[in-house]
Amino acid sequence: MTQPGPPEPTGHPAGQKARHFIHQEIDQDLASGRYQDVHTRFPPEPNGFPHIGHAKAICAVFGLAEEYGGKCNLRFDDTNPSAEEERYVQAIQEDIRWLGFDWEDRLYFASDFFETLYEWAQHLIRTGYAYVDHLSMEAIRAGRGRRDRPQDPGEESPYRNRPADESLADFAKMRAGDYPEGACVLRAKIDMAHTNLLMRDPVLYRIQFAHHHRTGDAWKIYPTYDMAHGQCDALEKITHSLCSLEFANHRPLYEWLLDHLPVQSHPRQIEFARLNITHTVLSKRFLRTLVETGKVDGWDDPRMPTLRGMRRRGFTPASIRNFCQRIGMTRTLSTIDLSWLEEELRKDLNQHADRRMVVLDPLKVVIENLPEGERLECQATNNPEQPNSGTRTLQLTREVWIEQEDFREEANRKFFRLKKDGSVRLRYGYVIHCHDVVKDSEGRVTEVRCTYDPETGGGKTPEGQAKVKGIIHWVSKEQAIPIEVHLIDVLFSDPHPMAGEADDYLHKLNPDSRTVLQGCQAEPSLQEARPGQPFQFERLGYFVLDAPDGQPNADRLVFNRSVSLRDSRPQDGA
RNA sequence: UACCCCAUGGUGUAAUGGUAACACUACAGAUUUUGGUUCUGUCAUUCUAGGUUCGAGUCCUAGUGGGGUAACCA
């Protein structure tokens, strides 16, 4: 039979998609005829906002379906009403679409299948594979085995061998709400001596009176993950059910249930390692703590590894997809260096972000031989990587702002920006020469006095003159608009915040994860910046207009630095 | 502790019993109106011990190290 998969690669040739162990498994399944096509699913529980770790899974399942010409469903695993909310259902869909994936008309909810799952539970009871157990939660837990001696077999519940009719009647009463929460559960009857403790008669249904975001108060009982997940996979005719490694222990149960239920199809669970990234935490619980304790401003704080946080920070869908492509899929535990994410973002933004000039920490330069009121027009390229991006006109005036950092009264030879009695080129403008400085009473330079060379416009170097190596950015004082800039740094100074004791991570937060800079000076075109529109502020990095909850700040222009430019300045050069 | 999973340069990923490779980082150089981009080069790798085999990163056994699970969460 022919396989739709890509050709056999060796290594990672440029431009060719990396192939991983799941490709190989799928190839075999198609070759052996186990499955005729590839149908995957993304199964989030609507109880939080997706983060970059989810992006890995999303890219994998949607990507695999696409590569094999198959389909990928979106299914909300909404089997625990006390934890789940409608707003997350919306947010998750928004984030997946933003990443660029489409489930078309295949949007499902586990709750869509509650009636079938109920019937299947009855089926298990009738066939002698499930029973209603009135033992307390503690008693059940104890009966499954001692924590310190898990090798010993568990103890069978006294309800284990009750007649099916009795269980059936009790199960109906559970559904009807005749029993209070916690009074009883439905358990599978498997093997109380199994070495995998999950197989020691796991709970399949429990009573919950919580209001469900979709089914309201129609149900008093809800299936557990194990009773719902594989069954929904089967009902949706999923072929390859991908999940993270912590579910590997559930696979025998996944198989057992499919084997004992009248399912029409038999999906296959494949586990992969979840994503870890240095300097951050990727777990809903820990991220929630950061939000709830006010360590960050919210789920969409630009420092958060949530997709909405990253979006607000200026990450692009392409950069995230490329990142996920690059890290691959394995069963090996790994921690990816945060710089990989930043590198992918730079790669994308270098191609697509228009260039602008902004001075973060302004120092006044007076060009003495440029009369007040006179303007020198300079043509600035919008994006050197995109020949068709055009140019814009900047006005060079007598007074301009440059970066404090770009001026030194004295400096060594490796410093090739502006110093006293030295020259530097104003980007897109002219070469200026500094011959004097003005200082305040404390000796700080408040003003730099320069002259410009009219022969050096358009990047020209006049005959016989040495080429000026340093080029710095600038903004006309007359034209500048004030903006606020937020520099974003790592959330945790420790590369491995999760190492160590339970809640240590809260003490490893980087106190300087956000630096607010007020009084920055920007070229006037930035007045028109739109949310999500990426810019490179020349020599400073990539920036995006801040838009909390998708809306720009009404009272002022705030830009977040998505990522800095790679900086190879030598340490002693400053 | 029991069960399950994992182990290849600093990092990540390939090599499907047959010459250990690719990318990133680091470092060096070239180009450059961004100390950016781009290009070139250099350094560096199979956890340990046995076994199977003509041949082992790959298969087997044991050890060591790391991780997951041991919820009426998913």
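Numbers restart at 1 for each chain; the letters A, B, ... are given by sequence-line order, proteins then strands. Hydrogens, waters and symmetry mates play no part in the numbers below; they use all other heavy atoms, side chains included.
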Exercise for the section: Determine, for A:R75 against A:D112, whether the closest basic-nitrogen to carboxylate-oxygen distance falls under 4.0 angstrom. Expected result: no
Exercise for the section: Look at A:E403 together with A:R417 and state whether they make a salt bridge at an N to O cut-off of under 4.0 Å. Expected result: no
Exercise for the section: Classify the side chain of A:Q536 and the base of B:U34 as holding, or not holding, a donor-acceptor pair under 3.5 Å. Expected result: yes
Completion exercise
Per-nucleotide protein contact along nucleotides 62-74 of chain B, 5' to 3', at a 4.0 Å heavy-atom cut-off (B base, S sugar-phosphate only, - neither), is -----SBSSSBSB
Practice task
Using a 4.0 Å heavy-atom cut-off across all strands, classify A:Q351 as base, sugar-phosphate, or nothing.
Solution key: nothing
Practice task
Go through the N and O atoms of the side chain of A:R417 and the base of B:G35, and report whether any donor-acceptor pair is under 3.5 Å.
Solution key: yes
Practice task
Would you please confirm or rule out a distance under 4.0 Å between OP1 or OP2 of B:U33 and any side-chain N or O of A:K467?
Solution key: yes
Practice task
Answer with base, sugar-phosphate or nothing: what part of the nucleic acid does A:L565 contact at a heavy-atom distance below 4.0 Å?
Solution key: base
Problem - Donor-acceptor pair present, A:R355 side chain and B:U34 base, under 3.5 Å - result: yes
Practice task
State whether A:R268 and A:D29 are salt-bridged, where the test is any N-O pair (Lys NZ or Arg NE/NH1/NH2 against Asp/Glu carboxylate O) under 4.0 Å.
Solution key: yes
Problem - Span that lies between the P atom of B:U37 and that of B:U33, in whole angstrom - result: 16 Å
Handout entry: Ring-ring centroid check A:F537 A:H473, cutoff 6.0 Å
Key = no
Problem - N-O pairing of A:E455 and A:K460 below 4.0 Å - result: no
Handout entry: Secondary-structure stems for RNA chain B, with pairs counted as Watson-Crick or G-U when both distances are under 3.5 Å and runs at least 3 long
Key = B:1-7 with B:64-70, B:10-13 with B:21-24, B:26-30 with B:38-42, B:47-51 with B:59-63
Exercise for the section: Could you give the distance separating B:U8 and B:U45 at their P atoms, to the nearest angstrom? Expected result: 14 Å
Fill in the blank from the handout: Sorted by position of nearest nucleotide on RNA chain B, 5' first, the leading residue of A:N350 and A:S334 is A:S334
Practice task
Respond yes when some side-chain nitrogen or oxygen of A:R331 is under 4.0 Å from OP1 or OP2 of B:C6, and no when none is.
Solution key: yes
Exercise for the section: Using only side-chain N and O atoms of A:R539, determine if any of them is under 4.0 Å from OP1 or OP2 of B:G35. Expected result: yes
Problem - Integer angstrom distance from the C1' of B:G66 to that of B:G36 - result: 39 Å
Handout entry: Pair A:D406 + A:R539: basic N to acidic O under 4.0 Å
Key = yes
Exercise for the section: Name the residue closer to the 5' end of RNA chain B, choosing between A:L540 and A:S339 according to the nucleotide with the nearest heavy atom. Expected result: A:S339
Exercise for the section: Indicate whether OP1 or OP2 belonging to B:A15 is found under 4.0 Å from a side-chain N or O atom of A:Q24. Expected result: yes
Handout entry: Salt-bridge contact A:R146-A:D152 (side-chain N to carboxylate O under 4.0 Å)
Key = no
Problem - Presence of salt bridge, A:E236 and A:R41, under 4.0 angstrom - result: no
Problem - salt_bridge(A:E138, A:R141) N-O dist < 4.0 Å - result: no
